[in-house]
Student: 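Please find one structure pasted underneath; my questions will follow.
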Amino acid sequence: MPHEAELLVAPSRGVFLIEVVGGLADALSGQKQAITQPEMAGPEEFVGQGPQPVDDDLFKEPMKKRRRSDRDQRFRAFPSVEQSALKEYEKLESRTRRVLSNTYQKLIQSVFLDDSIPNGVKYLINRLLALIEKPSLDPIYIGLFGSTGAGKSSLINAIIQQAMFLPVSGESICTSCIVQVSSGCCEQYEAKIHLLSDQEWKEELKNLTKLLHRPEELGREEEDAWDRADAVEEAIWKLQMFYGNGAARKNYEELLRAKPKGKIPTSRVITLKAEEAGELSLKLDPYIRTQRRGWDEGSAETQIWPLIKLVEVTLPKSELIPEGVVLVDIPGTGDFNSKRDEMWRKTIDKCSVIWLISDIERVSGGRAHEDLLNESIKACQRGFCRDVALVVTKTDKLHLPEYLRERQVGSQAIQSQREAVLERNEMIKLQRNKVLKEKLKRKLPADSRVLEDSELVYTVSAQEYWQQALLTEEETEIPKLREYIRRRLLDKKRRMATKYVTEAFGLLLLTDSFSCTDNLPNEYLHVSGLRRFVEEEIQLLEKAIDQCFAHIVQPLQEGVLNARSSYRRILGACLMRSRGNQGFHQTLKAVCLKNGIYASRTLGRIDLNEAITQPIYEQIDPVFGVIFRSGKPTDGSALMPHIDAFKHSLQEKMTEIGIRNGWKYDSYKKSFLIQEISAILGGLEGHILRKKRRIYESLSTSVQNDLKPCYEEAAQITGKKACERMKDVLRRWLDQQVAEGMFERAQERMQHQFHQLKNGITEKVKGSITTMLTLASSQGDGLYKELADVKSEYKEMEKLHRSLREVAENALLRRGMQDFLLRMSPSKSGPPKT
């Protein structure tokens with residue numbers, strides 16, 4: 001058929017144009033077959049509708065009632081002022097989606113019997129469908145990142161107001177995997193436990209048995225040290241938990257034939273449901289509460305712990321955590337298993353907010369705290385993270401006599417434990433806020449959003465939140481964290497709703513112009529001059545990106561020189577242990593088995609590749625952050641401002657050409673094309689963020705690939721003096737690789753990644769905009785086609801677009817009134833009643 005030609009489809013996020021062959025033809029074929037069906041199910045089934053009218057009253061009212069009920073439930077976590085704003089944005093988006101659906105259905109019906117469908121109409125139909133299917137809100141992931149015992153689970157329990165819902169670390173247990181907690185419109189509490197696949201477990205099993213291969217001819221002291229090695233204890237613990245006592249003495253083939261103690265579902269997903277929070281907590285407890293080494297027995301659920309890689313918990317209609325927010329309990333070190341460790345890193349990178357959790361006794365220093373802080377800052381560099389905050393937990397703990405003896409501030413006498421706690425917490429905030437900002441400034445651009453926040457440190461107490469023996473609920477700062485969550489979601493919802501309605505209005509502008517009878521043959525869109533201008537601007541954009549990326553070259557070169565002069569010292573520090581090699585042999589073997597990376601629960605995370613390349617990262621971090629920042633252009637060193645400048649230049653030129661050529665009847669098409677340019681270029685930011693991680697990690701990945709044969713050789717070493725021989729192999733290989741240009745190769749690979757990003761940006765921009773202009777310029781097979789009358793939909797969309805400003809003004813007015821009432825209300829401060 002003629003319309004089974006290439007179809008230009010805009011994906012659901014409206015970013016780039018993708019070629020799909022025969023898509024609309026299939027859709028229309030399905031429509032012809034379904035012409036006699038009288039019912040309409042949803043937007044995804046509009047293609048299957050016949051041209052006859054549908055009795056909307058049969059289903060519209062019940063759907064409307066259900067949606068309103070669901071919407072009210074979703075916003076229960078917000079105060080009334082914020083609820084009003086959210087409901088208005090939700091109503092705007094819902095009505096916009098309905099207008100788009102009606103328009104889409106009319107367009108499908110108008111071309112239903114046509115043998116030839118203009119490409120412009122295909123483009124428009126698929127843009128409408130993409131907007132209809134676009135999710136209303138991407139989840140906001142808030143990562144709680146901290147060591148075991150820091151209080152992550154207790155903090156989540158307090159935020160969701162469910163005491164002991166997640167297991168709290170104690171002497172014999174700890175949270176052992178990534179746990180995600182969110183709320184939804186479900187009626188029950190639900191948990192999904194995701195397990196490693198069979199192949200992923202076999203890979204880990206092979207490494208565990210290699211790790212447990214006992215060296216021959218060990219002396220008594222060496223044998224005792226081998227048994228006490230952290231990596232050995234971890235491996236024995238996992239195998240005994242999964243297969244039972246004696247599993248550590250079996251080889252890989254024997255364990256493959258052995259029967260696990262726990263029952264493993266074939267789907268590799270375990271689903272738990274309960275009516276009450278406490279009921280689900282009891283069911284979930286054995287899966288995420290892991291017995292520490294030394295415990296011989298466990299429940300059937302605990303016995304499959306080594307297979308668990310992720311737990312997703314959904315709360316029904318939470319009054320405290322809004323739908324669209326995901327709290328993620330992230331262990332501090334990663335995992336020995338490659339798949340779990342990869343998930344650990346990706347989970348950190350997808351968080352737009354990271355709360356670094358540290359208890360009051362560890363916050364003033366220590367290697368573990370510094371490692372976690374560095375990992376959080378790296379997430380800002382390579383991932384989606386925009387906000388980092390330090391959450392100090394267990395702040396009710398204070399030994400009053402010792403505090404009074406060491407107290408050096410304030411002349412006012414401390415009258416009680418409560419006053420001492422509040423004073424100490426304020427001091428902690430001031431001190432840690434200053435330290436954190438200084439560290440962030442060294443790594444991030446000066447105009448990063450996180451540096452603009454006045455409050456980077458929170459002092460919380462989950463225990464006092466429940467007991468309120470010393471502090472009020474407000475003074476525990478749990479409500480402040482909830483407010484932070486609500487504020488982030490409200491801001492994101494406002495931005496997404498505004499963008500959605502504006503984009504929809506642009507499409508309806510164009511669609512309505514199709515049925516305009518004033519279109520004269522000699523008054524169509526003249527875009528030849530604009531096309532030449534686009535080609536010239538793309539060349540200028542390419543040069544601007546080259547100049548932007550050139551800023552990384554000198555820091556890279558300086559970093560390579562620093563790495564060459566310091567790699568021996570860094571490796572020596574990684575291989576040195578205060579008590580010699582006792583117990584370190586198998587840990588080092590674990591590092592080599594995993595290509596230079598080992599996540600230990602007691603020793604922390606060991607990453608030789610990252611450590612060796614750290615001097616390079618120290619040089620490039622500030623510049624790298626500047627390149628990928630989203631602020632206004634200053635010296636041309638940031639990427640996104642160049643893309644924004646390209647967009648504005650294109651839009652201004654389009655308006656100029658339109659005025660010169662007399663766009664009397666084609667002003668709708670001008671508005672549509674300006675809006676499409678915004679959609680195409682605006683969507684580039686997500687594409688760039690996804691590529692950023694690969695670019696940033698290319699240095700350590702390059703070194704890891706070059707050292708892989710070294711790690712493999714070292715991992716095979718057994719027998720006497722095995723640890724020293726492994727170290728010698730690592731030193732020898734590293735010397736050889738550095739002499740052969742290992743760091744220079746890493747530099748070239750990072751620069752190549754930057755070059756690929758530049759080419760990807762320019763190719764996508766060129767392809768998308770050129771195709772769009774081609775469609776707009778062709779009168780016979782472009783956007784000109786008499787279609788169904790959509791004037792009523794256009795007028796409705798025009799009203800919705802105008803109401804955006806009114807909604808924003810109403811929200812601002814309500815917020816101002818709320819702030820005024822809070823200022824006028826009596827203060828809640830003061831000691832709690834006993």
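Note that the structure is predicted; figures quoted are calculated from it, not measured.
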Student: For Arg693 and Glu697, what are the C-alpha separation, side-chain angles and deciding distance, and is it a salt bridge (charged side-chain N to carboxylate O under 4.0 Å, His left out)?
Tutor: CA-CA 6 Å; Arg693 181 188 177 196; Glu697 293 181 341; 3.4 Å; yes

Student: Is there a side-chain contact between Leu440 and Leu456 (heavy atoms, below 4.5 Å)?
Tutor: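 The answer is yes, as the side chains (C-beta and beyond) meet within the 4.5 Å cut-off.
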
Student: For a side-chain contact (heavy atoms from CB on, under 4.5 Å) check, start with the C-alpha distance between Arg386 and Ser352, then their side-chain angles and the critical distance, and finish with the verdict.
Tutor: CA-CA 6 Å; Arg386 289 291 177 269; Ser352 55; 5.6 Å; no

Student: Counting distance only, does the side-chain N/O of Ser649 pair as donor-acceptor with the main-chain N or O of Phe646 below 3.5 Å?
Tutor: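 Not confirmed, Ser649 side chain does not pair with Phe646 backbone.
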
Student: Any salt bridge between Arg345 and Glu375, counting N to O under 4.0 Å?
Tutor: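 Yes, this pair counts.
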
Student: Are there over 12 heavy-atom neighbours, none belonging to Arg495, within less than 6.0 Å of that residue's CZ?
Tutor: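 Yes.
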
Student: Can you tell whether the side chains of Arg745 and Glu740 come within less than 4.0 Å, N to carboxylate O?
Tutor: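 Salt bridge flag = no for Glu740 with Arg745.
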
Student: List the atom of Leu131, the atom of Arg97, and the distance in Å for their closest heavy-atom pair.
Tutor: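 Looking at all heavy atoms of both residues, the closest pair is O-NH1, 3.5 Å.
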
Student: How about Thr762 and Glu542: does a side-chain donor come under 3.5 Å of a side-chain acceptor?
Tutor: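 Result is no, nothing qualifies.
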
Student: Taking Lys492 for its side chain and Asp138 for its backbone only, find out whether a donor-acceptor pair lies under 3.5 Å.
Tutor: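 Indeed, once roles are kept as given, a pair shorter than 3.5 Å links the two residues.
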
Student: Between atom CG of Leu804 and atom CZ of Arg494, what is the distance when rounded to the nearest 0.5 Å?
Tutor: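 Answer for the CG-CZ pair, Leu804 versus Arg494, is 11.0 Å.
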
Student: Would you find more than 12 non-hydrogen atoms of other residues, nucleotides or ligands less than 6.0 Å from Lys758 atom NZ?
Tutor: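 Yes, enclosed.
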
Student: For the CG atom of Leu129 and the CG atom of Leu107, what is their distance to the nearest 0.5 Å?
Tutor: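 Taking CG in Leu129 and CG in Leu107, the distance rounds to 11.5 Å.
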
Student: Short question: side chain of Gln381, backbone of Asp621 - any donor-acceptor pair under 3.5 Å?
Tutor: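 Flag set: sc Gln381 to bb Asp621 pair under 3.5 Å.
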
Student: Does atom NZ (Lys691) have a neighbourhood of more than 12 heavy atoms from anything else shown, all under 6.0 Å?
Tutor: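 Result for NZ/Lys691: open.
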
Student: Under 4.0 Å between a side-chain nitrogen and a carboxylate oxygen: does that hold for Arg488 and Asp491?
Tutor: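 Salt bridge: no.
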
Student: Of the non-hydrogen atoms in Cys548 and Ser637, which two are nearest, and what is the gap between them?
Tutor: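 For Cys548 and Ser637, the tightest heavy-atom pair comes out as SG-O, 3.3 Å.
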
Student: Would you say the side-chain atoms of His648 and Asp644 include a donor-acceptor pair closer than 3.5 Å?
Tutor: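 No pair is found: no donor N or O on one side chain lies under 3.5 Å from an acceptor on the other.
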
Student: Going from CD1 on Ile597 to CD1 on Ile606, what distance comes out if it is rounded to the nearest 0.5 angstrom?
Tutor: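 If I round to the nearest 0.5 Å, the distance is 11.0 Å.
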
Student: Is any side-chain heavy atom of Ile330 less than 4.5 Å from a side-chain heavy atom of Cys351?
Tutor: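 Side chain of Ile330 against side chain of Cys351, heavy atoms only: contact under 4.5 Å found.
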
Student: Using side-chain contact (heavy atoms from CB on, under 4.5 Å), reason through Phe628 and Leu689 one step at a time and then give a plain yes or no.
Tutor: CA-CA 8 Å; Phe628 290 101; Leu689 283 173; 5.9 Å; no

Student: So, do Phe384 and Arg690 sit near enough that their side-chain heavy atoms are less than 4.5 Å apart?
Tutor: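 Yes; the side chains approach each other to less than 4.5 Å.
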
Student: Given 3.5 Å as the limit, does a donor-acceptor pair link the side chain of Gln704 with the main chain of Asn595, or not?
Tutor: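 Judged by distance alone, yes, a pair lies under 3.5 Å.
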
Student: Please name the pair of heavy atoms, one in Val388 and one in Cys380, separated by the smallest distance, quoted to 0.1 Å.
Tutor: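 Looks like CG2-SG, 3.4 Å.
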
Student: Give me the ring orientation class for Trp344 and Phe145: parallel if the planes are under 30° apart, tilted from 30 to 60°, perpendicular past 60°.
Tutor: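 Geometry flag for Phe145 against Trp344: tilted rings.
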
Student: Tell me whether the count of non-hydrogen atoms from other residues, nucleotides or ligands lying under 6.0 Å of CD in Gln554 goes above 12.
Tutor: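 Not buried by this count: 12 neighbours or fewer within 6.0 Å.
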
Student: Measure the shortest side-chain to side-chain distance between Ile695 and Phe624 over non-hydrogen atoms and say whether it is less than 4.5 angstrom.
Tutor: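 Yes, close enough: below the 4.5 Å cut-off.
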
Student: Gln751 and Gln747: side-chain donor and acceptor closer than 3.5 Å?
Tutor: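 Checked: Gln751/Gln747 side chains pair up, N/O donor to acceptor below 3.5 Å.
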
Student: Please give me the minimum heavy-atom distance between Leu699 and Ala746, naming the atom from each residue.
Tutor: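 Result for this residue pair: CD2-O, 3.5 Å.
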
Student: How close do Ala379 and Ile354 get, heavy atom to heavy atom, and via which atoms?
Tutor: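 Closest pair (atom of Ala379, atom of Ile354, distance): CB-CD1, 3.6 Å.
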
Student: For the residue pair Glu93 and Met496, establish whether any side-chain heavy-atom pair is separated by less than 4.5 Å.
Tutor: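 With C-beta onward as the side chain, the pair stays apart.
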
Student: Evaluate the side-chain proximity of Phe533 to Leu650: yes if any heavy-atom separation is below 4.5 Å, no if none is.
Tutor: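 Answer yes - side chains close enough.
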
Student: Does some side-chain heavy atom of Val703 sit less than 4.5 Å from a side-chain heavy atom of Tyr567?
Tutor: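 No, every pair of side-chain atoms sits at 4.5 Å or beyond.
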
Student: Working to the nearest 0.5 angstrom, can you tell me the gap between Thr347 OG1 and Gln180 CD?
Tutor: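 Between atom OG1 of Thr347 and atom CD of Gln180 there are 6.5 Å.
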
Student: Going by the side chain to side chain donor-acceptor pair (under 3.5 Å) test, which pairs reach into residues 610-620, not counting sequence neighbours?
Tutor: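 Residue pairs with at least one partner in residues 610-620: Lys378-Glu610.
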
Student: Please evaluate residues Leu561 and Phe743 with respect to the criterion side-chain contact (heavy atoms from CB on, under 4.5 Å), reporting the C-alpha separation (whole Å), side-chain torsions for both, the decisive distance (0.1 Å), and the verdict.
Tutor: CA-CA 9 Å; Leu561 291 175; Phe743 292 124; over 6 Å; no

Student: So do Ile688 and Ile643 actually touch side chain to side chain, heavy atoms under 4.5 Å?
Tutor: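 Touching, per the 4.5 Å side-chain cut-off.
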
Student: Looking at residues at least two apart in the chain, or sitting in another chain, which of them share a side-chain hydrogen bond (donor to acceptor under 3.5 Å, both in side chains) with Lys439?
Tutor: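 For Lys439, the residues satisfying side-chain hydrogen bond (donor to acceptor under 3.5 Å, both in side chains) (neighbours in sequence not counted) are Glu370.
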
Student: Run Asn609 and Tyr711 through side chain to side chain donor-acceptor pair (under 3.5 Å) and show every step you take.
Tutor: CA-CA 11 Å; Asn609 313 299; Tyr711 294 133; 2.8 Å; yes

Student: Using side-chain contact (heavy atoms from CB on, under 4.5 Å), reason through Leu734 and Met742 one step at a time and then give a plain yes or no.
Tutor: CA-CA 9 Å; Leu734 192 53; Met742 180 181 74; 3.6 Å; yes

Student: Would you call Lys346 and Glu342 a salt bridge, taking side-chain N to carboxylate O under 4.0 Å as the test?
Tutor: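 Looking at Glu342 together with Lys346, the answer is yes, because their closest N to O distance falls below 4.0 Å.
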
Student: Distance check, rounded to the nearest 0.5 Å: Thr96 atom OG1 versus Leu100 atom CG?
Tutor: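 One gets 6.5 Å once the value is rounded to the nearest 0.5 Å.
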
Student: From Leu541 CG over to Asp546 CG, what is the distance, rounded to the nearest 0.5 angstrom?
Tutor: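 The distance works out to 10.0 Å.
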
Student: Inspect the contact between Asp341 and Lys594 and indicate whether a charged nitrogen and a carboxylate oxygen are less than 4.0 angstrom apart.
Tutor: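 Here Lys594 does not pair with Asp341 in a salt bridge, since their nearest N and O are not under 4.0 Å apart.
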
Student: What's the shortest heavy-atom distance between Leu489 and Ile140, and which atoms?
Tutor: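 In this case the closest contact between Leu489 and Ile140 is CA-CD1, 3.7 Å.
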
